[in-house]
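What you are looking at is a predicted structure, and each value in this text was computed from that prediction instead of being measured.
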Amino acid sequence: IHMDVVPSSHMLADSAGTVVLLPATTRYEIPGGVTGTSTERRVIFSPEIPGPRAGESRPEWEVVTEIARRARPDLSAQLSFAGTGDIREEIARLIPFYDGIQNLRKAGDQFQYGGAHLCAGWTFPTQDGKAHFYPVSPPTRAEIPEGRFLLSTRRGKQFNSMVQESKDSITGAWREAILISPSDMELLSLKPGDRVKLASDAGEFVGFIHPAPVKPRNLQVHWPEGEVLIDRSNRSPEAGIPDYNAVVSLEKVAGLP
């Protein structure tokens, strides 16, 4: 099931089951308005902008709550909202830290959750009201085997993936680029644009060389293109998130420049 404001190629990939595409309204088309949060913890109201709407597109919150009501009709009363204003009221009721979100109704309305300063007056949300510090050491990685590279998947400017753009405007690298240090390029006699194949225990990826300021014996590829190289069974114990990294080999693809 895919729900988005525009279709993309991954929505039409072959599937063993039924593929359902659901058109969504953009945040600017949602009746009652929505909110966005800045890096300064400001929750800012974004009002609905009048204008034409695309066919059967609906706000995502309406679809999610309708699915929930159909799955649990016994909870229908708790899963019904007259609009986004009701949702903001419930957020304020259930999450005291977000008290103030229920008052956002028009363009320009905003509040800063946690106040102007978190832990103002040196008061911390702990039992004794004090900050607690613990030493943390990064996990120790095994040595990279000789002749192989540590690969990291990276995100582009388009939120947390490159799905909507062909080129990352931050680095100038195309989606199929393999970011590599100039010293490794020289060592392997590679030139910008050379086609190479990366192989891990999980899969293979063919892309082209793109020089970048990365550490020698490290490579970067964009996500989701590089997902084929990631071992999906290696996940964080807390959230089940797959690893972002893999150990790979690199070889030039014969017959291609």
Minimum heavy-atom distance between H210 and G172, given as atom pair plus value = CE1-O, 3.9 Å
Decide yes or no for V214 and L219: does some side-chain heavy atom of the first lie under 4.5 Å from some side-chain heavy atom of the second?
-> no
May I ask you to decide if the ring planes of F111 and Y98 are parallel, tilted or perpendicular, using 30° and 60° as cut-offs?
-> perpendicular
D231 vs D201 side-chain heavy atoms within contact, under 4.5 Å | no
Is a side-chain donor or acceptor of T126 paired with a backbone partner of G129 at a separation under 3.5 angstrom?
-> yes
With a cut-off of 3.5 Å and sequence neighbours excluded, list every side-chain donor-acceptor pair involving residues 180-188.
residue, atom, partner, partner atom, Å
S181, OG, S183, OG, 3.2
S181, OG, D184, N, 3.2
S181, OG, D184, OD2, 3.2
D184, OD2, R217, N, 2.6

All heavy atoms of T26 vs all of I30, minimum pair found to be O-CG1, 3.4 Å
Are V248 and V228 connected, step by step, through hydrophobic side chains (Ile, Leu, Val, Met, Phe, Trp, Tyr) whose heavy atoms are closer than 4.5 Å?
-> yes
Mind checking the CG-CG spacing from L250 to L151? Nearest 0.5 Å is all I need.
-> 10.0 Å
Thinking salt bridges, do K130 and D128 make one under a 4.0 Å N-O criterion?
-> no
Residue pair S80 / S76: nearest heavy atoms and the distance that separates them | OG-O, 2.6 Å
Name the orientation class of the two ring planes belonging to H132 and Y134 (parallel below 30°, tilted from 30 to 60°, perpendicular beyond 60°).
-> perpendicular
Check the hydrophobic clustering (I, L, V, M, F, W, Y; side-chain heavy atoms under 4.5 Å; chains of links allowed) and say if L94 and W61 are grouped together.
-> yes
Do side-chain atoms of T35 reach the backbone of F45 as a donor and acceptor pair under 3.5 angstrom?
-> no
Audit row: E90, F81, side-chain contact (heavy atoms from CB on, under 4.5 Å) steps and yes/no | CA-CA 10 Å; E90 180 153 315; F81 299 95; 3.6 Å; yes
Applying side chain to side chain donor-acceptor pair (under 3.5 Å), name anything that partners E48, two or more places apart in sequence or on another chain.
-> R53
Taking all non-hydrogen atoms of both residues into account, name the closest pair between E60 and A24 and its distance.
-> CG-CB, 3.9 Å
Same cluster or not: are I230 and W223 linked, directly or through other Ile, Leu, Val, Met, Phe, Trp or Tyr residues, by side-chain heavy atoms under 4.5 angstrom apart?
-> no
Any side-chain heavy atom of R70 within less than 4.5 Å of one from I67?
-> no
Check whether L190 and I178 end up in the same hydrophobic cluster, where Ile, Leu, Val, Met, Phe, Trp and Tyr are linked by side-chain heavy atoms less than 4.5 Å apart.
-> yes
So which heavy atom on V34 is nearest to which on R27, and how close?
-> CG2-O, 3.6 Å
Any donor-acceptor N or O pair under 3.5 Å, side chains R88, Q102 = no
Distance from W122 atom CH2 to H117 atom NE2, nearest 0.5 Å?
-> 11.5 Å
Side chains of P242 and S233: does their closest heavy-atom pair fall under 4.5 Å?
-> no
Tell me, do V221 and L198 make a side-chain contact under 4.5 Å, heavy atoms counted?
-> yes
Note: L179 and R154 closest approach over all heavy atoms is CD2-NH1, 3.9 Å
Hey, does F208 have a side-chain heavy atom less than 4.5 Å from the side chain of D194?
-> no
Any donor and acceptor pair, going by atom type alone, linking the side chain of S200 with main-chain N or O of L229 inside 3.5 Å?
-> yes
Answer yes or no: is there an ion pair linking R93 with E89, defined by an N-O contact shorter than 4.0 Å?
-> no
Residues R41 and T37: side-chain donor-acceptor under 3.5 angstrom | no
Determine, using the 4.5 Å side-chain heavy-atom cutoff (strictly less than), whether V63 and I87 are members of one ILVMFWY cluster.
-> no
Under 3.5 Å, side chain of T153 to main-chain N/O of Y244, donor-acceptor pair present?
-> yes
Does the side chain of D168 come within less than 4.5 Å of H222's, by heavy atoms?
-> yes
Taking D99 for the side chain and P96 for the main chain, is one N or O donor matched with an acceptor at less than 3.5 Å?
-> no
Passing candidate, side-chain contact (heavy atoms from CB on, under 4.5 Å) with Q110, options N103, I101, I44 | I44
Is atom CZ of F124 surrounded by more than 12 heavy atoms (other residues, nucleotides or ligands) closer than 6.0 Å?
-> yes
Min side-chain heavy-atom separation K215-L150 under 4.5 Å | no
